[in-house]
2 protein chains.
Amino acid sequence: MAANIHDVAKLADVSITTVSHVMSGRGRVASATKERVLTAIADLNYQANIHAQRLVSQKSRTLAFQIASFTQNSNSTTLIPNSNYFLEVLNAASNEATRREYVLLILSADVDSSLMDRYGIDGVLIIDPRGDEKIFQTDSHSDWLIVTNGRTVNELTSRIGIVDNDHRRTTRETLMHLREEGYERPALITTDLGRSYTRDLADEYQDWCKEEGLAPIIVELPEPPTQQAAADAARKILARRLPPDAILASAEDLALGVLHAAQDQGLSVPKDLGIVSAVDSSVLLVATPSITAVYLDPETIGIRAVDMLISALEDQAEFPQKAIVPSELRIRDSTMRRNARGET
Amino acid sequence: MAANIHDVAKLADVSITTVSHVMSGRGRVASATKERVLTAIADLNYQANIHAQRLVSQKSRTLAFQIASFTQNSNSTTLIPNSNYFLEVLNAASNEATRREYVLLILSADVDSSLMDRYGIDGVLIIDPRGDEKIFQTDSHSDWLIVTNGRTVNELTSRIGIVDNDHRRTTRETLMHLREEGYERPALITTDLGRSYTRDLADEYQDWCKEEGLAPIIVELPEPPTQQAAADAARKILARRLPPDAILASAEDLALGVLHAAQDQGLSVPKDLGIVSAVDSSVLLVATPSITAVYLDPETIGIRAVDMLISALEDQAEFPQKAIVPSELRIRDSTMRRNARGET
DNA sequence: ATGAAAGCGCTAACAT
DNA sequence: ATGTTAGCGCTTTCAT
C-alpha cells in the first residue's frame with residue numbers, strides 16, 4: 001500500500017502538520033527538519049492522496065472539455081469529430097492544463113449536468129457552441145465557470161469567458177481576396193448556421209453581397225460535414241444558369257468535397273472555380289491543388305481558453321471576459337487565378 | 001452551496017447512515033422512511049460528494065487513455081494524432097466508460113508515472129504501444145491494471161490485458177488478394193517498426209516474401225506518418241530497375257502519399273500500381289481512386305478494451321487476458337486491377 | 001429498521 | 001518552529 005502522511009511523519013519523527021507544510025511550502029520549517037522530512041518522503045515514495053486533498057479543498061483542478069455536439073440525439077455520441085481543428089485545440093488545451101497542473105476530462109457535450117456535477121468539475125471549455133446549450137442558461141443550478149470559442153445566449157454573466165477569432169473580419173478578407181483574383185460570384189457552403197462561427201461567416205457574407213450588389217448563394221448542410229454532401233451541393237449550384245465562380249466552405253471536408261465535384265465536372269481549379277476553406281487543416285495542403293484556407297490558430301485558442309478559465313478559477317481574473325485570437329488567410333493554389341500554374 | 005448528507009438527514013429526520021443506505025441500496029430501510037429520504041434528496045437536489053466517496057472507497061472510477069507517443073521527446077506532446085483510427089477508438093472507449101459510470105482521462109503517454117499517480121487512476125488504456133513503455137515494466141512501482149491493443153514486453157503479468165486484431169492474418173489476406181489481382185512485387189511502407197502492429201505487418205510480409213521467393217522491399221519512415229514522407233519514399237522505390245507493382249502502407253496518410261506520388265509520375269492506380277492501407281479511414285473512401293484498406297473495427301477495440309479493464313478492476317475477470325477483434329479487408333478501386341473501371 | 005461512531009488522508013486554524 | 005485538533009463528506013461496522 002502507498003504510504004500516507006502519518007507514515008512520513010512517523011519516519012521523520014515530526015507531526016503531520018510539518019509534513020504538510022514541507023509539501024506545500026507554507027508555514028515555516030527549520031531546514032534541518034525539512035531535510036529529514038524530505039528524506040522520509042523520498043524513502044517512502046510518498047505522494048499526497050489526491051482525493052483527500054480535493055475533499056478538503058473542495059476543488060478538483062479538473063476541467064471538462066466539450067465539443068458542442070453535432071448529433072443532438074443519439075446514443076453513441078461523437079466526442080471528437082474528425083477534424084484537425086478540434087484535435088489541435090484539444091492537444092493545446094491539454095498541454096496547457098497539464099502545465100498548470102490541471103486535468104482535462106473529455107466529456108460528451110450532451111451528458112446532463114447532474115452527471116457533470118458528479119465528476120467534480122471546476123470549469124468547462126465548450127468548443128464551437130451553438131450558444132443555446134443548456135449549460136449556458138443562467139438558471140442552470142450548477143455554476144461552473146465556462147469558456148467558449150463562440151457567442152452564447154447570455155454573455156453577460158460572470159460565469160462566461162470567450163476566446164474567439166474575428167470570423168467576420170477574416171471572412172471579409174477572404175471575399176476581398178477572391179474579388180482581387182477576379183472571382184465575381186462567390187457562394188457559401190456551410191453546415192448548421194446555428195453555430196457561432198458559421199453564423200459569423202454567413203452574416204459577413206450576406207453583408208458583403210449586399211454591398212457588392214450580389215445575389216447571395218448559401219447552402220446549409222446538415223451536420224456533420226461530409227465530403228459527399230458538399231460534393232452534391234456543389235454540383236447542384238454549379239449547374240445553375242449563372243453558377244458561382246468561387247465557393248467558400250465552412251469546413252475542410254466541405255472544401256474537399258467541392259474540389260472533387262469540380263474535378264468530376266471537368267472544371268479547373270482555380271481557373272474555373274476558386275475554393276476556400278474557412279478552417280485550415282493539414283489535408284488542404286496536400287490536396288491538388290492546395291486549398292486556400294483561414295488559419296484560426298487552434299493552438300492559441302486552446303491555450304488561451306485554458307488560461308482564461310484557470311485564471312478565473314484562481315481569482316486572478318474576472319468574468320465576463322473576451323479575447324480575440326488573430327486569424328490569417330492562407331492563400332494557396334485553389335484561388336491563385338491570376339498567375340495559376342502553367343498559365344505563365 | 002450544495003447540500004450534503006447531513007442536510008438530507010436533517011430534512012428527512014433520519015441519520016446519515018439511513019441516507020447513505022437509501023442512496024446505495026444497501027442495508028434495509030422501511031419503505032416509508034425511504035420515501036421521506038428520497039423526497040428530501042429531490043428537494044435539496046442532493047448529490048453525494050464524489051471526493052468524499054473516492055476518499056473512502058480508495059477508487060476513482062477513472063481510466064487513463066493514452067496513445068503511445070509518436071514523438072518521444074518534445075515539450076508540446078501530441079495527445080491524439082490526426083487519425084481516424086485513434087478518434088474512433090477514443091470515442092467508443094469514452095462512450096463505454098460513461099455507460100459504466102467511469103471517466104476517461106486523456107493523458108499524454110509521456111507523463112511520468114508519479115504524475116499519473118497523482119491523478120488517482122484505477123486503470124490505463126494504451127493504444128498502439130511499442131511494448132517497451134516504462135509503464136509495462138513489472139517493477140514499475142505503481143501497479144494499475146493496463147489494457148493495450150498490442151504486444152508488450154511482459155504479457156505474463158497479472159496486470160495486463162490485450163485487445164488486438166490479428167494483424168498477421170489480415171496482412172496475409174491482403175497479400176493473397178494482391179496476388180490474385182495479378183500484382184507480383186508488393187512493397188511495404190511503414191512507420192516505426194517498433195510498434196506492435198507495424199511489427200506484425202512486417203513479420204508477416206517477410207514470411208510471405210520468403211515463401212513466394214520474393215525480395216522484400218520495406219521502407220521504414222520516421223513518425224509521425226506524413227503524406228509527404230510517403231510520397232518521397234514511394235518515388236524512390238518506384239524508380240528502381242525492378243519497381244514494386246503494389247504498395248502496402250501502414251497508415252492512411254502513407255497510402256495517400258503513395259497515391260499522390262504515383263499520380264505525379266503518371267502511373268495509373270490500380271493498373272500500374274496497387275495501393276493498400278493497413279488501417280482504414282474515411283478519407284480512403286473519397287480518394288480517387290478509393291483505396292483498399294483493412295478495417296480494424298476501432299469501435300469494438302475501444303469498447304472491449306474498456307470492458308476488459310473495468311471487469312478486471314471490479315474483480316469479475318482475471319488478468320492476463322487476451323481478446324482478438326476480427327478485422328476485414330475492404331477491397332476498393334485501388335487494387336481492383338482485373339476489372340478496373342474503364343477497362344471493360 | 002435505524003443510529004452512533006470510527007475512519008478514509010489531508011489542510012489549516014490555533015495553540016504552544 | 002512545531003504540534004494538536006477540528007473538520008472536509010462520506011461509508012461501514014457495530015450496537016440497539
Side-chain angles (χ1 to χ4, degrees), chain A residues 1-41 44-62 101 114 117-122 142 314, chain B residues 1-41 44-62 101 114 117-122 142 314:
Chain A
M1 280 316 317
N4 67 21
I5 198 171
H6 289 104
D7 300 331
V8 177
K10 199 172 301 171
L11 185 58
D13 199 37
V14 295
S15 74
I16 61 168
T17 307
T18 304
V19 176
S20 179
H21 281 342
V22 169
M23 295 230 53
S24 65
R26 292 189 224 281
R28 235 137 300 282
V29 180
S31 61
T33 35
K34 185 168 175 177
E35 275 316 312
R36 278 212 322 285
V37 172
L38 252 17
T39 315
I41 287 173
L44 297 173
N45 217 309
Y46 171 68
Q47 299 231 147
N49 180 296
I50 196 171
H51 304 309
Q53 286 184 315
R54 289 178 175 180
L55 177 56
V56 170
S57 69
Q58 306 279 43
K59 300 241 154 68
S60 64
R61 300 187 78 88
T62 299
E101 298 187 72
S114 72
D117 262 340
R118 293 240 53 213
Y119 292 149
I121 280 162
D122 288 346
S142 310
E314 299 182 343
Chain B
M1 281 313 318
N4 67 20
I5 197 170
H6 289 103
D7 300 330
V8 177
K10 199 171 301 169
L11 184 59
D13 198 37
V14 295
S15 74
I16 61 168
T17 308
T18 304
V19 176
S20 179
H21 282 341
V22 169
M23 295 230 53
S24 65
R26 290 189 226 281
R28 234 137 300 282
V29 180
S31 59
T33 34
K34 185 168 176 178
E35 273 318 310
R36 277 211 324 284
V37 172
L38 253 17
T39 315
I41 287 173
L44 296 174
N45 219 308
Y46 170 68
Q47 299 231 147
N49 180 297
I50 196 172
H51 304 308
Q53 286 184 315
R54 289 178 175 179
L55 176 56
V56 170
S57 69
Q58 306 279 42
K59 301 241 154 70
S60 64
R61 300 187 78 87
T62 299
E101 297 186 71
S114 72
D117 262 341
R118 292 240 53 213
Y119 293 150
I121 280 162
D122 290 345
S142 308
E314 299 182 343

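So you know, we letter chains A, B, ... as the sequences are listed, proteins then strands, and number each from 1. Note that the structure is predicted; figures quoted are calculated from it, not measured. Below, each value reflects all heavy atoms present in this structure, side chains not excepted, and no hydrogens, waters or symmetry copies.
- Note: CD (B:Q47) to C1' (D:dC10) measures 14 Å, nearest angstrom.
- Regarding A:I5, its CD1 atom lies at a distance of 13 Å from the C1' atom of D:dG3, rounded to whole Å.
- Between the CZ atom of B:R26 and the C1' atom of D:dC10 there is a distance of 13 Å, rounded to whole Å.
- Across B:S60 and B:R54, no two heavy atoms sit closer than the pair O-NH2, 3.0 Å.
- Proximity of A:Q58 to the phosphate of D:dG9: a side-chain N or O atom is located under 4.0 Å from OP1 or OP2.
- At a threshold of 4.0 angstrom between heavy atoms, the contacts of B:T18 are confined to the sugar-phosphate backbone, with no base atom among them.
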Which pairs, protein N/O on one side and nucleotides 13-16 of chain D N/O on the other, fall under 3.5 Å?
none

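- Put simply, CD1 on B:I16 is 8 Å from P on D:dC10, counting in whole angstrom units.
- Between B:R61 and B:E101, the closest heavy-atom pair is NE-O, 2.9 Å.
- Side-chain atoms of B:S24 come within 3.5 Å of backbone atoms of B:S20 as a donor-acceptor pair (strictly under, hydrogens ignored).
- When every heavy atom of B:Y46 is checked against every heavy atom of B:N4, the shortest pair comes out as CE1-C, 3.5 Å.
- Between the CD atom of B:Q53 and the CD atom of B:Q58 there is a distance of 13.5 Å, given to the nearest 0.5 Å.
- In terms of position along DNA chain D, the nucleotide closest to A:D13 lies nearer the 5' end than the nucleotide closest to the other residue of the pair A:D13 and B:A3.
- Distance alone, capped at 3.5 Å, places no donor-acceptor pair between the A:T18 side chain and the A:V14 backbone.
- Scanning residues 50-57 of chain A for heavy-atom distances under 4.0 Å to DNA chain D yields A:L55, A:V56.
- Between A:M23 atom CE and D:dT2 atom P there is a gap of 17 Å when expressed in whole angstrom units.
- Side-chain contact between B:R36 and B:L11 is absent, with no heavy atoms from C-beta onward closer than 4.5 Å.
- Side-chain atoms of A:D13 do not come within 3.5 Å of backbone N or O of A:K10 as any donor-acceptor pair.
- Remark: the A:T62 side chain and the A:D122 side chain contain no N/O donor-acceptor pair separated by less than 3.5 Å.
- From B:L55, atom CG reaches atom CG of B:N49 across 10.0 Å, with rounding to the nearest 0.5 Å.
- The phosphate of D:dG9 (OP1 or OP2) has a side-chain N or O of B:N4 nearer than 4.0 angstrom.
- Atom CG of B:D7 and atom P of D:dC8 are 11 Å apart (whole Å).
- Under the 4.5 Å side-chain criterion, counting only non-hydrogen atoms from C-beta, A:V29 is not in contact with A:V37.
- A 4.0 Å heavy-atom criterion places the boundary nucleotides of DNA chain C facing chain A at C:dG9 to C:dA13, written 5' to 3'.
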